[in-house]
Amino acid sequence: MKAILLLILIPLLMLGSLPAYAGGHYASISIASMAMATNNRAKSLKVSSPQQAAQLVKRKYPGKILNVKSARVNGNPGYRIKLLSKDGVVFYVNVDAKTGSVRRN
């Protein structure tokens with residue numbers, strides 16, 4: 001009787017472990033593909049980080065950078081940067097990450 005029970009339970013236990021393994025396997029594939037897609041997107045962008053966007057803005061507009069946020073610029077990924085000019089005026093500059101263009105609002 002115990003032998004029959006073991007013959008039934010062992011295959012069921014093995015089947016029960018397959019979805020967990022398969023789920024982990026597919027999850028690792030999807031994480032790898034997401035990393036590759038992110039890497040490919042970064043290669044196609046002229047500005048790939050908030051620090052790089054801030055450097056571009058500082059070259060064109062002197063002043064203190066107060067804030068850098070990710071934003072859509074002309075339908076492309078980009079950055080919205082808040083600056084304080086030397087004469088005390090607060091203004092915003094948009095950086096299009098795809099083209100690298102820098103524009104003041």
Side-chain angles (χ1 to χ4, degrees):
M1 184 70 137
K2 288 183 183 180
I4 294 172
L5 239 149
L6 284 176
L7 288 174
I8 294 172
L9 287 177
I10 290 175
L12 287 176
L13 290 172
M14 291 175 74
L15 284 175
S17 67
L18 285 178
Y21 175 75
H25 178 68
Y26 290 123
S28 66
I29 290 172
S30 95
I31 290 169
S33 62
M34 286 183 351
M36 286 173 54
T38 302
N39 194 20
N40 288 340
R41 258 185 268 131
K43 286 180 183 177
S44 68
L45 299 177
K46 290 194 176 185
V47 180
S48 58
S49 70
Q51 294 82 8
Q52 191 178 8
Q55 287 175 351
L56 285 173
V57 168
K58 284 196 90 153
R59 284 184 208 148
K60 193 167 183 179
Y61 299 102
K64 181 179 180 181
I65 294 180
L66 301 175
N67 197 358
V68 179
K69 290 187 179 182
S70 295
R72 296 299 270 178
V73 178
N74 300 326
N76 296 324
Y79 300 94
R80 182 169 167 87
I81 300 176
K82 184 177 181 181
L83 287 107
L84 176 64
S85 70
K86 292 183 180 185
D87 55 348
V89 176
V90 174
F91 63 99
Y92 291 89
V93 175
N94 291 325
V95 178
D96 187 324
K98 187 173 182 181
T99 64
S101 71
V102 178
R103 288 191 181 174
R104 182 175 175 168
N105 285 355

TODO: Indicate the atoms forming the closest heavy-atom contact of R72 with P77, along with that distance.
DONE: NH1-N, 3.4 Å
TODO: Could I get the full list of side-chain hydrogen bond (donor to acceptor under 3.5 Å, both in side chains) partners for N74, not counting sequence neighbours?
DONE: none
Open item on the list: Are L83 and V47 linked, directly or through intermediate hydrophobic residues, by side-chain heavy-atom contacts shorter than 4.5 Å (ILVMFWY only)?
Closed with: yes
Task: Face-on cation placement of R104 at Y92 ring, 6.0 Å and 45° thresholds - done: no
- [ ] Please tell me if the side chains of K98 and S44 come closer than 4.5 Å, counting only heavy atoms from C-beta onward.
- [x] no
Open item on the list: Treating Q52 as the side-chain partner and K46 as the backbone partner, does any N or O pair qualify as donor plus acceptor under 3.5 Å?
Closed with: yes
Determine all donor-acceptor pairs shorter than 3.5 Å in which one atom belongs to a side chain in residues 64-71; sequence neighbours excluded.
none

- [ ] Measure the shortest side-chain to side-chain distance between N94 and N105 over non-hydrogen atoms and say whether it is less than 4.5 angstrom.
- [x] yes
Task: Residues that V102 engages under side chain to side chain contact (heavy atoms under 4.5 Å, CB included), provided they are two or more places apart - done: L56, V57, K60, Y61, V93, V95
TODO: Would you name the heavy atoms of S85 and F91 that are closest together and state the gap between them?
DONE: CB-CE2, 3.8 Å
TODO: Compare every heavy atom of Y79 with every heavy atom of A53, then report the nearest pair and how far apart it is.
DONE: CB-CD1, 3.6 Å
